[in-house]
Amino acid sequence: MSNRVTLKGAPQNDGYYGNLKSDILNDAPATAADYSQRIVDLPIDTPSLINRDTEIKNLEKNLKVRGGFDGYMWQAPRAGRVRGTNEIFIFDGDHSKHLYRHAYPNRKTMPVQVIDVDSKEEIHKLFVQTNKTCKTSITAEQTFVHSYHAGDESAMKYADILNESGMYVYCSHEDGGKIGDQNGVEIRFGHLRSAIAAAADRGMVSEAKNLIMKCQNPIAAGKPIPGELLRSLCLLFSAYGEFRPGKACGLEFEQFFIDVVGRKFPERFGKNVERDCRSGFSKSYRMAAGIAQEVIEYQKDNPGTFKAASKGAYKRVQTSDLKRLAKSRPARGKKKTS
């Protein structure tokens, strides 16, 4: 989490939490000594209370992320202890428990944070509250930004494309919290990856982004660039190379696209043509196919347009070119950054 809280994206002064209200249900420890009193050595086989299945594949994933068991990253499980009966059940940290047992098969006990409760029912409530409502999952954007600062090679390549194309990925308002062109437009990291996967070469990402930004109302206030449309334009440029800037139909396609989008947001235009697409394309190609069909309808009323990209008896753009592209690779493509 960041050093200061934000309100509608704006950092607030230290200690300011707006109208946030909180009733204290149980006091938090005031000192490390108080906290340490909650950590108890419990038997390694302390049971859970109908927790989720702990799958070996998830244990393998946890170990793979770090390259092995790392005691510095390990967190003690949490358990509820029923007053009166002293029954103890783990409600959070089964993966931690089993990783510990696997790493130290000869140990008989492990440290566990124990919370005193009045009944087993409270332990069930703690399980739900902890796993459903009291955790904020890390986003793909946060993962990417931290991976970049950690020196991850693939993250560096994505950053290069962001800078080339005039876009950035946002993690937080703090220094280093935006990766890419600091004065560019925001893009979701998942959309960046899918656009790169759709593009025959990385230059198409910049070309698609620039075309969107040339529209009258390119992006709604406070919104990132429409990722599905960006990806679809990359697919079009891959299937119809003559549509690209600098190619025979580049200026013609640019003017056509800006005109058909008009004053609408390009994202809305993309959703509309995707909805109205009458072809047999899969969903991941339907928006690109819808734009191609718009070109074909335009050619019917304007013979002789888009000559360099046209084929067949009627000398028009062929959706079969896009279908061949779809067959040549998975619909969502493999991640690529070069």
Side-chain angles (χ1 to χ4, degrees), residues 144 154-169 179-181 184-215 218-219 224-258 260-261 266-267 269-271 273-274 277 281-295 306 308-310 317-338:
F144 164 66
S154 64
M156 299 290 184
K157 293 180 180 178
Y158 285 120
D160 288 342
I161 297 175
L162 287 167
N163 282 308
E164 291 169 8
S165 58
M167 297 188 290
Y168 67 85
V169 170
I179 301 300
D181 184 346
V185 294
E186 183 182 358
I187 184 171
R188 296 279 188 254
F189 182 64
H191 288 156
L192 173 68
R193 289 191 304 175
S194 65
I196 293 170
D201 64 67
R202 59 197 283 171
M204 290 181 180
V205 178
S206 296
E207 294 166 356
K209 173 259 179 181
N210 291 338
L211 179 55
I212 292 172
M213 297 308 294
K214 286 180 179 179
C215 294
I219 304 174
I225 197 166
E228 286 300 320
L229 179 58
L230 185 79
R231 177 182 181 278
S232 296
L233 288 173
C234 287
L235 287 174
L236 279 177
F237 291 154
S238 297
Y240 311 102
E242 298 299 337
F243 285 3
R244 297 182 67 177
K247 299 296 184 178
C249 300
L251 287 175
E252 193 174 11
F253 180 74
E254 175 183 306
Q255 192 57 57
F256 164 81
F257 183 79
I258 293 172
V260 293
V261 171
E267 182 174 28
F269 165 76
K271 294 292 185 184
V273 298
E274 179 183 38
C277 180
F281 286 91
S282 64
K283 186 180 187 308
S284 57
Y285 277 77
R286 203 167 295 148
M287 187 180 294
I291 298 173
Q293 288 177 346
E294 289 287 312
V295 173
F306 294 97
S310 299
V317 169
Q318 304 291 307
T319 57
S320 57
D321 291 342
L322 190 60
K323 287 180 179 178
R324 275 193 293 272
L325 179 71
K327 288 180 180 179
S328 70
R329 57 191 186 185
R332 281 295 176 185
K334 292 183 179 181
K335 301 174 189 175
K336 58 181 180 180
T337 55
S338 59

From [X] [atom1] over to [Y] [atom2], what is the distance, rounded to the nearest 0.5 angstrom?
X	Y	atom1	atom2	answer
Ile161	Ser206	CD1	OG	8.5 Å
Tyr285	Leu236	OH	CG	11.0 Å
Leu192	Phe144	CG	CZ	7.0 Å

Compare all side-chain heavy atoms of [X] with those of [Y] and state whether any distance is below 4.5 angstrom.
X	Y	answer
Met167	Leu230	yes
Val261	Ile212	no
Phe257	Phe243	no

Looking at every heavy atom in both [X] and [Y], which two are closest together, and how far apart are they?
X	Y	answer
Leu322	Ala239	CD1-CB, 3.7 Å
Val169	Leu162	CG2-CD1, 3.8 Å
Ile219	Pro226	CG1-CD, 4.4 Å
Ser232	Met287	OG-CB, 3.3 Å

- Message: Assess the residue pair Asp201 and Arg244 against the criterion (salt bridge (Lys or Arg N to Asp or Glu O under 4.0 Å)); give the C-alpha distance rounded to whole Å, side-chain angles, the decisive distance to 0.1 Å, and a yes or no.
- Response: CA-CA 12 Å; Asp201 64 67; Arg244 297 182 67 177; 2.9 Å; yes
- For Arg286 and Phe281, indicate whether the former's side chain and the latter's backbone hold a donor-acceptor pair under 3.5 Å. yes
- Query: Is the backbone of Gly227 close enough, under 3.5 Å, to the side chain of Ser194 for a donor and an acceptor to pair up by distance?
  - Reply: no
- With sequence neighbours left out, the residues meeting side-chain hydrogen bond (donor to acceptor under 3.5 Å, both in side chains) with Glu242 are none
- Message: Less than 6.0 angstrom separating the ring centers of Phe253 and Tyr240, yes or no?
- Response: no
